[in-house]
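Basis for what follows: all heavy atoms, side chains included, without hydrogens, waters or symmetry-related copies.
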Amino acid sequence: MADEISDLRRFVAMVAAGNLSAAARAMGSSPAVMSRHLTALENRLGVRLVTRTSRRFELTDEGALFHERCVGILAEIDEAEAEAAQGAGQPRGSLRISAPLQWGRRVLAPIIADFSAGFPMISAHLVLTDTSLDGNYPGGIFRHARLRASPV
């Protein structure tokens with residue numbers, strides 16, 4: 001599939017450049033290599049995409065339609081990659097913190113607000129209670145750990 005996407009990118013670059021030589025320079029290739037890629041693409045599709053002359057080429061009707069679709073497809077691919085990369089490496093998930101009521105309000109709440117602003121993909125839940133929580137607290141962070149909660 002990567003080869004097909006590369007073929008689409010080369011074809012769009014050829015059309016944008018107006019000729020094979022300019023497209024080859026823009027893509028760091030040679031006109032002969034670009035010509036081979038274009039011929040291979042046309043053979044694979046079973047249709048002539050361009051009419052070539054010594055200096056320029058013109059899109060056939062099929063080539064114009066194919067170019068239009070390629071531009072849209074490549075824009076979608078670029079957008080999908082950008083969206084995926086945007087979330088890459090960013091922490092995500094849930095964070096649940098239980099703390100005493102007054103201390104949580106004075107100390108933790110502002111920290112959690114700043115944390116949430118800095119890490120929007122993490123859903124932070126602050127549970128403030130003066131009830132003693134132990135390791136058997138349902139849904140508590142220590143439920144599956146060997147650690148036990150101790151008074152603060």
I'd like to check Glu42 versus Val50 (side-chain heavy atoms, cut-off strictly below 4.5 Å). Are they in contact?
yes
Do Thr39 side-chain atoms and Ser35 backbone N/O form a donor-acceptor pair below 3.5 Å?
yes
Sidechain-backbone polar pair: Asp130 side chain, Pro100 backbone, donor-acceptor under 3.5 Å
no
Does Asp3 reach the side chain of Ile5, with side-chain heavy atoms less than 4.5 Å apart?
no
With the threshold set at 4.0 Å, does a side-chain nitrogen-carboxylate oxygen contact exist between Glu58 and Arg48?
no
Do any side-chain atoms of residues 62-80 form donor-acceptor pairs under 3.5 angstrom with protein atoms, and if so which ones, sequence neighbours left out?
unit_1, atom_1, unit_2, atom_2, d
Glu62, OE1, Thr60, OG1, 3.4
Asp78, OD1, Arg9, NH1, 3.3
Asp78, OD1, Arg9, NH2, 2.7

Can you see which heavy atom on Ala17 is nearest to which on Ala23, and at what distance?
CB-N, 3.4 Å
In terms of heavy-atom contacts, does CG of Asn43 have more than 12 from other residues, nucleotides or ligands at under 6.0 Å?
yes
Could you go through the side-chain hydrogen bond (donor to acceptor under 3.5 Å, both in side chains) check for His37 and Arg10 one step at a time?
CA-CA 8 Å; His37 281 295; Arg10 273 190 289 274; 3.2 Å; yes
Establish whether Val33 and Phe57 are linked, either directly or via other cluster members, by ILVMFWY side-chain heavy-atom contacts under 4.5 Å.
no
Could you check if a side-chain atom of His125 sits within less than 4.5 angstrom of a side-chain atom of Leu95, using non-hydrogen atoms only?
no
Drop me the distance from Leu38's CG to Met14's CE, to the nearest 0.5 angstrom.
5.0 Å
Got a second to check how far Leu101's CG is from Arg106's CZ, nearest 0.5 Å?
10.0 Å
Please say yes or no: joined through hydrophobic side-chain contacts below 4.5 Å, possibly via intermediate residues, are Ile97 and Trp103 part of one cluster?
yes
Of the non-hydrogen atoms in Pro91 and Met121, which two are nearest, and what is the gap between them?
O-CB, 3.3 Å
For Leu126 and Gly104, work out which heavy atoms get closest and say how close.
CD2-O, 4.3 Å
Minimum heavy-atom separation for Leu41 to Phe11, with atom names?
CD2-CB, 3.9 Å
Looking at residues at least two apart in the chain, or sitting in another chain, which of them share a side chain to side chain contact (heavy atoms under 4.5 Å, CB included) with Ile111?
Val107
So which atom in Ala24 and which in Ser30 form the shortest heavy-atom distance, rounded to 0.1 Å?
CB-C, 3.4 Å
